[in-house]
Amino acid sequence: MERYQVDKNGFFGRFGGAYVPEILYKCVHELQDAYLPILESEEFKEAYRQLLRDYVGRPSPLYYAPRMSELYGCRLYLKREDLNHTGAHKINNTVGQILMAKRMGKTRIIAETGAGQHGVATATVCALMNMQCEVFMGKTDVERQHTNVERMRMLGATVHPVTTGNMTLSDACSEAIRDWCCHPRDTYYLVGSTMGPHPYPDIVARLQSIISEEIHWQLQEKEGRDYPDCLIACVGGGSNAAGTIYHYIDDERVRIVLAEAGGHGIDTHHTAATIHCGTEGIIHGARSLVMQTADGQIEEAFTISAGLDYPGIGPMHADLAERGREEVLAINDDEAIRAGYELTRMEGIIPAIESAHALAALRHLNFRPDEVVVLTVSGRGDKDVQTYLNNKDMAGEYGQF
Ligand SMILES: *Cc1c(COP(=O)(O)O)cnc(C)c1O
């Protein structure tokens, strides 16, 4: 059987492709031709692996969570991406793409960011490699996520507040693409998730696949078998989910459950649950599911979690969800807050609110006691402490303090 992967035109089923303005054809094609030879070269692999080990701090632990296991009646392992340098999985991708940009002779890096996590991860590797870094961020987000803006500036990046549209992530993406059109020669667009025109979804999935590669040998060591019964991850654009499932997509023994952000609920207009509520359309260079009005205007996403606040979804997940290979749950704000408090109290780990959506999925599932479940904690919650405190009333029994 052939391995599930992107086809030569950049499609996953009918989703994906590269829908870009003519002026970008050349740089997108240049990247399409360059990325596999670079990613598969021994020289790249060695440099990438060394940075993952010595700079990012990999392998990230696979932690058996005893109290949560007992509570949910299974053998629950947490894949600790929260322990990476800069506090999330995003650095796995930026470390890889900055090496790629260097090999392609690019000197200027641009990136979009919503919450600022991808902006920080990009500014970090630009400082490391001494590259010029320009980050596009919606003005609303610049105000909401001020600490991350200061971190990026401290790291030497220029942050451009974007004042078009809703002034959030989706507008920042559009502005980054516009900038790329003006500087196609020297500029590398460092995309932060499994989205954008082909080959970005494939590049980011491959760079994040280190997560499931490690789960393989870590489970072999701990459980005597190299696969779990169930994988769980949260999904915004889809990169930590893609990395978590990458080496298990074709393994039918493994159930895949993803949590997207329901916001106030999928029956309200305040939601970011694109797989539940989106319809087919083009967003930021790819055909996928999009939250849009009947006449094709992109609608604003809504969720308590800045990192999941995107009105699109990576094309790979649009396809895998449609095929039924992924089960997708919409987790509302209050469920995520409660689950974040629960992990904090049960295991002493404050998760990012994004990751708390994955944790909240546990309550929706039934397990056999010997079932092995691996859940990716995509990031740490330091950035979210104020949000957790402001929403203590959603934390149920854990909010009494
Ligand atoms: C950005 C972010 C996400 C969402 O992005 P994906 O590409 O879907 O992984 C999830 N968790 C954390 C901690 C993030 O920073």
Side-chain angles (χ1 to χ4, degrees), residues 60 78-94 97 111-122 124 137 141 145 147-148 151 168-169 172-173 190-196 200-212 231-246 258-261 272-275 284 286 288-289 301 303-318 320-321 326 328 331 336 339-340 343 349-361 375-384 387:
S60 67
L78 304 177
K79 183 60 174 158
R80 299 289 309 277
E81 295 301 302
D82 58 311
L83 294 178
N84 294 336
H85 180 42
T86 69
H89 66 291
K90 291 210 167 71
I91 191 98
N92 302 327
N93 171 47
T94 58
Q97 285 199 57
E112 83 294 336
T113 196
Q117 294 300 103
H118 173 57
V120 169
T122 303
T124 299
M137 187 171 185
D141 291 332
Q145 308 289 332
T147 330
N148 277 340
R151 288 167 82 193
T168 57
L169 175 60
C173 291
L190 207 164
V191 173
S193 188
T194 41
M195 44 165 272
Y200 282 109
D202 194 34
I203 291 175
V204 179
R206 283 170 186 262
L207 292 172
Q208 292 291 358
S209 72
I210 185 69
I211 299 173
S212 62
L231 287 168
I232 305 176
C234 67
V235 58
S239 69
N240 88 88
T244 301
I245 69 172
Y246 196 85
L258 302 186
E260 61 176 356
T274 311
I275 298 175
H284 301 124
S288 191
L289 296 172
T303 152
I304 199 162
S305 153
L308 302 179
D309 205 353
Y310 184 62
I313 174 72
M316 174 179 149
H317 297 295
L320 288 172
E326 295 174 344
V328 183
I331 300 294
L343 187 72
I349 298 168
I350 304 179
I353 292 192
E354 293 82 7
S355 320
H357 286 72
L359 289 155
L375 184 152
T376 295
V377 180
S378 53
R380 59 174 167 249
D382 305 27
K383 66 185 177 63
D384 299 318
T387 310

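As the structure is a computational prediction, the values presented were derived from the model and not from experiment. Atoms within each ligand, like the ligands themselves, are counted from 1 in listed order.
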With atoms numbered from 1 as shown, which atoms in ligand 1 lie under 4.0 angstrom from a non-hydrogen atom of [X]?
X      : result
Gly379 : 13 (C)
Gly236 : 8 (O)
Gly238 : 6 (P), 7 (O), 8 (O)
Cys234 : 10 (C)
Ala352 : 13 (C)
Ser193 : 6 (P), 7 (O)
Gln117 : 15 (O)

Contact (N/O only, under 3.5 Å) between [X] and ligand 1:
X      : result
Lys90  : yes
Gly237 : yes
Asn240 : yes

Using heavy atoms and a 4.0 Å limit, tell me yes or no: is His89 in contact with ligand 1?
yes
With a 3.5 Å distance limit and no angle check, can you tell me whether [X] reaches the backbone of [Y] through a side-chain donor-acceptor pair?
X      : Y      : value
Asn148 : Val120 : no
Ser193 : Met195 : no
Glu260 : Thr274 : yes

Could you identify the single nearest non-hydrogen protein atom to atom 12 (C) of ligand 1 and state the distance to 0.1 Å?
Ser378 OG, 3.5 Å
Can you pull out the closest protein heavy atom to atom 4 (C) of ligand 1? Residue, atom name and distance to 0.1 Å, please.
Gly307 O, 3.4 Å
Given Ser378, which partner from the list Asn240, Asn84, Asp82 fulfils the side-chain contact (heavy atoms from CB on, under 4.5 Å) test?
Asn240
Is [Y] close to [X] at the side-chain level, that is, under 4.5 Å between some pair of heavy atoms?
X      : Y      : result
Ile245 : Leu320 : yes
Ile349 : Arg80  : yes
Thr86  : Thr94  : no

Start with the C-alpha gap between Lys79 and Ser60, add the side-chain angles, then the distance that decides, and say whether side-chain hydrogen bond (donor to acceptor under 3.5 Å, both in side chains) holds.
CA-CA 7 Å; Lys79 183 60 174 158; Ser60 67; 2.9 Å; yes
Would you kindly say whether His284 and Tyr200 are connected by a side-chain donor-acceptor distance under 3.5 Å?
no
Select one of side chain, backbone, both or neither to describe which atoms of Glu81 lie under 4.0 Å from any atom of ligand 1, heavy atoms only.
neither
Quick one: look at Ser239 and ligand 1, take heavy-atom pairs under 4.0 Å, and tell me if it's side chain, backbone, both or neither.
both
Using the side-chain hydrogen bond (donor to acceptor under 3.5 Å, both in side chains) criterion, which residues pair with Glu112? Sequence neighbours excluded.
Tyr189
